[in-house]
Amino acid sequence: EPALIFDLGGKFDKSFNEAAFNGAQRWAEETGGSFREIELQSEAQREQALRRFAEAGANPVITMGFAMADPLSAVAADYPDTKFVAVDVTWLDAPNIRQIGFAEHEGSYLVGMMAAMASKSGTVGFVGGMDIPLIRHFGCGYAQGVKAVNPDVKIVANMTGTTPAAWNDPVKGSELTKAQISQGADVVYAAAGGTGVGVLQTAADEGILSIGVDSNQNHLHPGKVLTSMLKRVDVAVYDAMKAGENLETGVFNMGLAEEGVGYALDDNNAALISGEMKAAVDQARQDIIDGKLNVVSYYENDSCPALKF
Amino acid sequence: MDKMPKWADVVLIPLISLILAAILSALVILGIGEDPVAAVNMMVSGALGSTYGWGYTLYYATNFMFTGLAVAVAFHARLFNIGGEGQAMLGGLGVAMICLYIPWPHWTMALLAACAASMLFGAVWAAIPAYLQARRGSHIVITTIMFNFIAAALLNYMLVNVMRPDGSMDPASERFPAAVHLPTLHELLAPIGISFSKAAPANVSLLVAVLACVVVWALIWRTRLGYEIRAYGHSESGALYAGISPFKITMVAMLISGALAGLMATNNVMGEAERLVLNSTEGAGFIGIAVALMGRSHPFGVFLAAILFGFLYQGGAELALWTNIPRELIVVIQALVILFTGALDNMVRMPLEKVFLALRKGNA
Amino acid sequence: MMDFLTIIQVLDSTIRLSTPLLLACLAGLYSERAGIFDIGLEGKMLMAAFFSAAVAAVSGSVWLGLLAGIASSLVLAGLHGLASITFRGNQLISGVAINFLAAGMTVLVAQDWFKQGGRTPSLFGGARFEPIDWPLAETLSGIPVLGPIYAELLSGHSVLVYLAFLAVPGTWWLLYRTRFGLRLRAVGENPAAVDTAGVSVVGLRYAAVMICGVLCGIAGAYLATALQAGFVKDMTAGRGFIALAALIFAKWRPLHAMWACLLFGLLQAVALRFQNIDLGGVVIPVQVMDALPYILTVVILAGFVGKAIPPRAGGEPYVKER
Amino acid sequence: MTVPAIELKGISKSFGPVQANKDISISVAPGTIHGIIGENGAGKSTLMSILYGFYKADKGEIWINGKKTEIPDSQAAIAAGIGMVFQHFKLVENFTVLENIILGAEDGGLLKPSLAKARRTLAELAAEYELNVDPDAVIEEIGVGMQQRVEILKALYRQAEILILDEPTGVLTPAEADQLFRILHRLKDEGKTIILITHKLREIMEATDTVSVMRRGEMTATVKTAETSPEHLAELMVGRKVLLRVDKVPAKPGKPILEIENLRVTDEKGVERVKGIDLTVRAGEILGIAGVAGNGQSELLEVLGGMRPGSGAIRLNGAPLPLSGPGSDARARRTAHVAHVPEDRQREGLIMDFHAWENVAFGYHHDPAYQSGIFMNNAALRADTERKIEKFDVRPADGWLAAKNFSGGNQQKIVVAREIERNPDLLLVGQPTRGVDIGAIEFIHKQIVALRDQGKAVLLVSVELEEIFGLADRIAVMFDGHIMGERLPDETDEKELGLLMAGVNGEAA
Ligand SMILES: Nc1ncnc2c1ncn2[C@@H]1O[C@H](COP(=O)(O)OP(=O)(O)OP(=O)(O)O)[C@@H](O)[C@H]1O
Ligand SMILES: Nc1ncnc2c1ncn2[C@@H]1O[C@H](COP(=O)(O)OP(=O)(O)OP(=O)(O)O)[C@@H](O)[C@H]1O
Ligand SMILES: [Mg+2]
Ligand SMILES: [Mg+2]
């Protein structure tokens, strides 16, 4: 029986954790199997949940978020027969962990391009959640995509805050969006968990476009959400559950090539995406896959060529 | 002359209140379509039924003892320190610096230094609101709330821009070296032949917390300083009459309070995480308010209330692990416990007093 | 550095951000003026935010939502009254408990009803408060200076915003010009005086606590159905505490409360708008901007506002016989 | 026979285990002044509070003007024509006089008409009863005498026919008290019924028609005033013979202990309260400071006691004491052997929630005798408390009781015991017997005189001229921050002092 450990945001965060939940759900429906799950409440529960699930025989134990890296490195060795899956972790040295990293900057690059092309004002926005490297990583890829289309496009980037409340303050998300709109932005990319709900809402209310994150959020405001930067956590979780105990371990990087990231195109936003836009973006996608185009990762040296944080 | 025997006041009333809270919690569990008996069983056995459960319960309780004591000491001087959260964050910063930047030969020395650093950092963070209260009359409730936010921003800055190891995407410090690893209860108890769960994070800082309870008790009830703090807390004009300096007491009480809140970092940062993460305090500073209020600001009461909250935290974790009950249920149960044992205790006391009075009259 | 339009927009944002603070602050003012301390503003707002969104979502009517929000906030207010007036319990503990209760119950009930992970469905159409455009706003917006002030700053807010700001003179009038206000202020200063004057202390205090409940209810509904389109957990995000700070800041006076809330709103608006200020090569980190409203609050408090003396009977239950 | 205005039948009331009133019955004829006396804690205030609907009786009936009346709350009492002036005033301190008057008796929902009406009525009442107060003054800024007028006006404004006054003269100057009694007599002449609680037998003898005596919750006697004597009443009250006058030998003043030169004190609001006074207190004498409350005596005591800063110079045994900055606080004063019985025992002299034994160390908690190492030696403290409780006959003799659970008189004994037993060179005493029953007064006075007889200096501040005359060896009168003059008790009388207290200097004139 597999187990799934959600990060502090909770499984219904409309983005990252929810994607994992959807993947697990799909697996359960298809196979009729069941899985254990826990929404973490505190830091100390990270290790606790790992051990408890491992001891209870859960296999694999799937964890969400980079914050699990440290507890995993402490726990994994104690349960050599258990396979662990770590989403958003790529740097651990353990034989029984499947580490999955996503190239969020690549996906963000694509939606950045779309933002620049959809923008009429020449200004686009980015609303991040808590100011941490991961979010800068998103923003950095996005900015590069924007600049690739038109180096003159202005990018307004804001972080919601410095406390965990930054993930759950839609009111602040709204205000940030309004501030960005008044600075001219007419496309806003939200990478801010629950706060993003406020960003998308305000964008829809004010008649500009927004870009969702992690899950496909196009349906939240049909015709108002330009696209969503997909991070196929659901697929990663689904695959892991499907493989079960025979899971392959090691480090897996899920980029555009692996279809680990991408952008969402469905009925809700079809009208917003012109053929020209789609062609350009798909070209870039192919170039990245082919290695012809390199999107710089913020992690490489903690800085971004296209955007200052 | 009291209306009730002391034991009724100290034992019976909290017990009845707890039972009432439990009954209401059971109704809530029923309301969301789950089985309350099974849930309670799981909580009790998960939190108290094994050394593993105790290990977690005591780990949480240790945090709450520190923050509860912090609030309690300030309360005795009639100061409402809502800033435990920020002071504990700063304490964590102190601990991290001590552990990361100084090579320690042995954990005992590291612990002593970490205690000193965390107390210093926590106290410094409390000192500014204290000074503003004492000299400028700035309401300490506002300033300590503000200092929580400022502490969060500071910690965020430190972790994202200063302490984060190169190449790590996690806004957290490096892991502390093995030399500063604090022995867990497992390691402490093994030599004397008691086998305690290896997994649980309760560690030697539990003893620090218990020691802090004793020290605070002695300080408040046995020393001149404690006498002055209590006197000032009861009556400012009285303090003036007795030659007790309001400025000194405000400062000292808040410094002690901040130091105690800061000390929490020895448990969660040094003892458990062994690195500094962003939300390491996770609201323990606020739980400390509830703990102090429920413990009636007495260190022993704080000790018991901290264990009660530790139990709720760990019991709740077990529920979250093995059932589909949302984690917020635990928050509701906490609320009910605080409500009945803390705010509605007269609802139980008033009728009980009548009963005891009638009994006494009957006997007389 | 800042052009006129930016100033207007920052002020516009200030008004939106101040409104929930102001409603909560006035709520606290009634309660604390009557001698009942209330750190449960946050919880009441949160509860109201959820129930207003939930009922609006189900019924499609934002007005029903507003009523439901007020009703739910009133239930918590009643609980606070029961604990601190009838059973003379500790008002701080009761407030803490109410905050926890709201944080937990909202998500629990939301999950039970909507199965959307502790949120309500998104609201649209009649389930939300729409901005009210003042007459001729479009036409007049062209006039320099006054035009934008009229069209952008004053016009175009939800009805609850205007209600909140009207509540300020309303509260002042009620407090200082009516019998009820006189008694309310008296009961917060010396309940025995009210009691021996033949007026029910309990009745007055319940009335105050209930008014507090209504205002918190409106504040919560504003957050969930006017500013936002639905409830997400913990969406009050500490605004109840900021409102409390504003109340102390204002020394428990209605007009000052408005200025205090506007100041807090302004500081937040400024911090949101100007992140990463570059001062000639030295980039001020975003964390500083984030903390700025709080730092400034402390500075202002220490520098310009003297000692705040709360209503004298505040926080103490009225006990005649021990 | 006339119907009694008030008839209480079998009133009983207990507070938890304490039976404050046991089966009390009294009857008061209309148009009379009825006195009630009794020791501290006898149950007088409780009984009257029941009549006023503040407390609810456990048992018993209340009849007003021959009609059985239910009085569940003060509203009902007011409706029945009862007004009460409480021992501790029930005024809203930061309200104006007018606002306090109309509180609860407003007509209509809006304040303006009520205020206007009250202003008119107040003017009429003022003219009728010489009850002048500034209707727009804020309560906390007017003196206690004024505050009491407001309380009386409150009752009259509500057209009370029955007026209860609980220890009304405790805080008044003789002149104010005289005026109060004139008002009471006028009210009586108008047919109003008045109940007067007081510890001062002289007032009972002068003002009342009948008097009831309470002891330990019971009504022990009701007599016609004309048919009794102070000594008899005192005996009825205390259950033994009481010495009503202080017995003391003439003073033998020695060297100066305390010398005050040009002392000035400015309060928090920036108002100068003590305006340059010079005084000397010698060993073996009691210097009494007479004066109407609020003329700077409190500030004088506080600055001497180290509770607030001042300027000028003071010397103790010839050595200067700092008046501000380091070394000027209350702790330093105690080290210099100055003891202080403060004016307000409940706000200053005691921590009401502390045990008696903790209060015995209050201010002296640094005394080495109370320490053992870094801790306080609570055992020593408790032993010391036991001695003091026994010597000063504090009742109940229980050191574990919280200060708030002692009656006023016994609270005062604890404070006096603590300060006098220090054997100070200089004892500062403020209002030592305010609200204290005659048994305890007798005792406290004896202790103060005994200290003097040991050759110590005593500075006594009291608004009770009787007390000043009884205790002081020399009298200084304070008015508006100045010393108006010094007199010897044998060479002056209440009239002259009264004039000085009012700021009229006979010599100068
Ligand atoms: N509110 C109260 N709650 C509990 N007990 C009370 C209360 N008020 C009075 N008592 C008790 O009732 C007794 C009578 O008190 P009361 O105030 O009536 O005395 P008193 O005769 O007015 O004394 P004094 O002369 O000091 O004013 C007291 O001894 C006290 O124990
Ligand atoms: N609310 C109360 N609860 C309990 N005991 C009370 C209360 N009020 C008064 N008492 C008790 O009643 C007794 C007498 O009360 P009271 O207030 O009349 O004191 P007092 O002797 O009149 O002092 P003072 O004249 O200074 O007011 C004391 O034992 C006091 O502790
Ligand atoms: Mg009395
Ligand atoms: Mg008395």
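Here is the naming used below: chain letters follow the sequence lines, and residue numbers restart at 1 for every chain. Computed over heavy atoms, backbone and side chain alike; hydrogens, waters and symmetry mates excluded. All values reported here derive from a predicted model rather than from experimental measurement.
When heavy atoms are compared at a cutoff of 4.5 Å, B/Glu228 approaches chain D solely by way of its side chain, counted from C-beta outward. Contact of D/Glu302 with chain B is not made at all, since no heavy-atom distance falls under 4.5 Å. Interface residue D/Ile374: only backbone heavy atoms are found under 4.5 Å from chain B. Looking at D/Phe362, the atoms closer than 4.5 Å to chain B (heavy atoms on both sides) sit in the backbone and in the side chain alike. For chain B, no part of D/Arg308 is nearby; none of its heavy atoms comes within less than 4.5 Å. Residue D/Ala361 touches chain B through both its backbone and its side chain, counting heavy-atom pairs closer than 4.5 Å.
When atom types are taken as modelled, the side chain of B/Arg349 and the backbone of B/Asp9 share no donor-acceptor pair closer than 3.5 angstrom. At distances below 3.5 Å, not a single donor-acceptor pair connects side-chain atoms of D/Glu218 with backbone N or O atoms of D/Asp23. Counting only distance, with no hydrogens or angles, the side chain of B/Thr144 and the backbone of B/Asn81 share no donor-acceptor pair below 3.5 Å. Judged by distance alone, with hydrogens and angles left aside, the side-chain atoms of D/Asp267 form a donor-acceptor pair with the main-chain N or O of D/Val271 at under 3.5 Å. Put simply, the side chain of D/Arg345 gets close to the backbone of D/Arg434: a donor and an acceptor are under 3.5 Å apart. Panel note: side chain B/Ser297, backbone B/Leu293; no donor-acceptor pair is recorded below 3.5 Å. Within the 3.5 Å criterion, the main-chain N or O of B/Ala70 finds a donor-acceptor partner in the side chain of B/Ser257. A donor-acceptor pair under 3.5 Å is formed between the side chain of D/Asn359 and the backbone N or O of D/Ile351.
There is no side-chain donor-acceptor pair under 3.5 Å between D/Asn377 and D/Ser372. Using a 3.5 Å distance cut-off with no hydrogens or angles, the side chains of D/Ser298 and D/Glu343 do pair a donor with an acceptor.
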Quiz item: Between D/Tyr364 and D/Tyr370, is a ring pair (Phe, Tyr, Trp, His ring centres under 6.0 Å) present by the stated rule, with each step listed?
Solution: CA-CA 8 Å; D/Tyr364 300 97; D/Tyr370 297 150; 8.0 Å; no
Quiz prompt | From CA spacing to verdict: salt bridge (Lys or Arg N to Asp or Glu O under 4.0 Å), D/Asp367, D/Arg422 | solution = CA-CA 11 Å; D/Asp367 185 340; D/Arg422 285 275 135 193; 2.7 Å; yes
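Using a 4.0 Å cut-off between a side-chain N of Lys or Arg and a carboxylate O of Asp or Glu, B/Arg78 and B/Glu236 do not qualify as a salt bridge.
Options D/His340, D/Arg331, D/Arg334 differ in how many heavy-atom pairs under 4.5 Å they form with chain B, and the most are formed by D/Arg334. In terms of heavy-atom pairs under 4.5 angstrom with chain D, the leader among B/Gly238, B/Ser245, B/Ala239, B/Ser235 is B/Gly238. Of the listed residues (D/Gly349, D/Gly305, D/Ser14), the one with the most heavy-atom contacts under 4.5 Å to chain B is D/Gly349.
By the 6.0 Å and 45° rule, B/Arg136 does not stack over the aromatic ring of B/Tyr131.
Contacts between residues 112-123 of chain B and chain D, defined by a heavy-atom separation under 4.5 Å, are made by no residue at all. Residues of residues 208-224 of chain B lying under 4.5 angstrom from chain D, judged on non-hydrogen atoms, are B/Ala218, B/Trp221, B/Arg222, B/Thr223, B/Arg224 by number.
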